[in-house]
J.: 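So that we are looking at the same thing, I have put the structure below in structure tokens.
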Amino acid sequence: MLEVKNLSAGYGRVQVLWDVDLAVGEREIVALVGPNGAGKTTLLRAVSGIVRTRTGSLEFRGRSLRCRSIEQIVDLGIAHVPEGRRLFSGLTVRANLNLGGWRTKDTDLERVLELFPPLGQRLEQVAGSMSGGEQQMCAIARGLMSQPELMMIDELSLGLAPLIVDEILERLPDIAASGTSILLVEQDVDAALSVAERAYVLETGRVALAGKRVQENYLGIA
Ligand code: ATP
């Protein structure tokens, strides 16, 4: 579904990603882990068109993502749940969710609320007044409103208690099974490998290791 090959990207004169290869298949959950500054966020930004790529290829269902606008990439079926959630904190939960689906004709609020029931009781609440866990649910739900075929989630666990992280992670297999593949960026490797079938380790902008999860919390080399 998503195929990244020999990708190089960066900011201005600073190159951050070097010859990165990565793939995400249908209904798959793939983790991208690595230390601070490794380039995980930059890779997601390259896929969603926020960061321009230098060399290499980025394909989604056989169509190149290079030189497309962010809006066109959303229309192709890719959603990006950014690090730090970036909700419109002064708007209601309902308004945040509607904004996630504004380019899509057939949004399915009911399905999204089934996945995250706590949001159902908070639709008219201002998003910034919710707990961190509820805000993360809202950010993921907003991403799902465009009915994406691929959703990229950056640092799902950031600032959240482990129990809340587990509660949100438990929803991901259902999301993947219903047709939205997930590329999950995490610094918490255990959390990521509790749901991902495959993982990539990024170190200083290069893929240092890629493999299938062969046992719980153990990353085997492909
Ligand atoms: P973190 O978990 O800390 O977010 P990361 O693996 O997601 O780490 P990136 O955020 O992609 O890493 O950052 C990779 C490198 O790119 C870092 O050296 C960072 O300082 C640099 N960088 C990130 N954003 C910018 C920017 N807008 N302009 C210049 N350099 C940037």
Side-chain angles (χ1 to χ4, degrees), residues 2-24 28-60 65-71 73-74 78-87 89 132-133 135-136 138-140 142-143 148 150-162 164-166 168-169 172 181-196 198-211 213 217 219 221-222:
L2 176 73
E3 198 144 13
V4 177
K5 279 191 186 151
N6 293 320
L7 186 79
S8 300
Y11 305 91
R13 289 185 186 165
V14 181
Q15 184 161 345
V16 173
L17 298 176
W18 305 78
D19 301 324
V20 170
D21 287 351
L22 176 144
V24 180
E28 202 180 20
I29 302 177
V30 174
L32 178 60
V33 300
N36 270 337
K40 305 179 296 295
T41 297
T42 304
L43 180 54
L44 299 198
R45 288 180 182 155
V47 173
S48 56
I50 300 167
V51 166
R52 289 271 158 227
T53 56
R54 295 183 178 176
T55 56
S57 67
L58 267 175
E59 288 191 355
F60 185 65
L65 298 178
R66 290 187 72 181
C67 305
R68 288 188 197 259
S69 67
I70 296 168
E71 292 86 349
I73 290 172
V74 171
I78 298 179
H80 186 159
V81 180
E83 184 173 356
R85 310 184 253 282
R86 302 289 184 98
L87 292 177
S89 55
Q135 289 192 33
Q136 186 59 280
C138 186
I140 296 171
R142 180 180 61 181
L150 172 69
M151 184 161 66
M152 304 185 295
I153 308 176
D154 199 348
E155 297 286 358
L156 182 151
S157 69
L158 192 73
L160 303 181
I164 306 293
V165 173
D166 289 346
I168 301 175
L169 285 173
L172 301 192
S181 298
I182 295 171
L183 178 57
L184 177 65
V185 161
E186 261 300 335
Q187 278 196 34
D188 183 339
V189 180
D190 285 351
L193 291 185
S194 69
V195 290
R198 291 194 302 115
Y200 294 82
V201 180
L202 204 60
E203 261 178 24
T204 53
R206 296 175 194 272
V207 174
L209 186 68
R213 180 191 59 192
N217 298 344
L219 181 61
I221 300 170

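Indexing begins at 1, ligand by ligand and atom by atom, following the structure's order. Just so it is clear, the model here is predicted, and its values are computed rather than measured. Computed from heavy atoms alone, side chains included, the values below leave out hydrogens, waters and symmetry copies.
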J.: Test of understanding: with side chain to side chain donor-acceptor pair (under 3.5 Å), list the residues that count as partners of R45, not counting sequence neighbours.
T.: Y11
J.: Could you tabulate the donor-acceptor pairs under 3.5 Å formed by side-chain atoms of residues 14-23, not counting sequence neighbours?
T.:
unit_1 : atom_1 : unit_2 : atom_2 : d
Q15    : NE2    : S8     : OG     : 3.4
Q15    : NE2    : L17    : O      : 3.1
D21    : OD1    : N6     : N      : 2.6

J.: Side chain of Q136, backbone of S157: donor and acceptor closer than 3.5 Å?
T.: no
J.: I need the minimum non-hydrogen distance between L184 and A192, along with the two atoms involved.
T.: CD2-CA, 4.1 Å
J.: Under the rule for side chain to side chain donor-acceptor pair (under 3.5 Å), what residues qualify as partners of E28, not counting sequence neighbours?
T.: R198
J.: Ignoring hydrogens and geometry, is there a side-chain-to-backbone donor-acceptor pair from R52 to R66 under 3.5 Å?
T.: no
J.: Distance under 4.0 Å, heavy atoms only, partner ligand 1: which residues pass?
T.: Y11, V16, P35, N36, G37, A38, G39, K40, T41, T42, R45, E83, E155, Q187
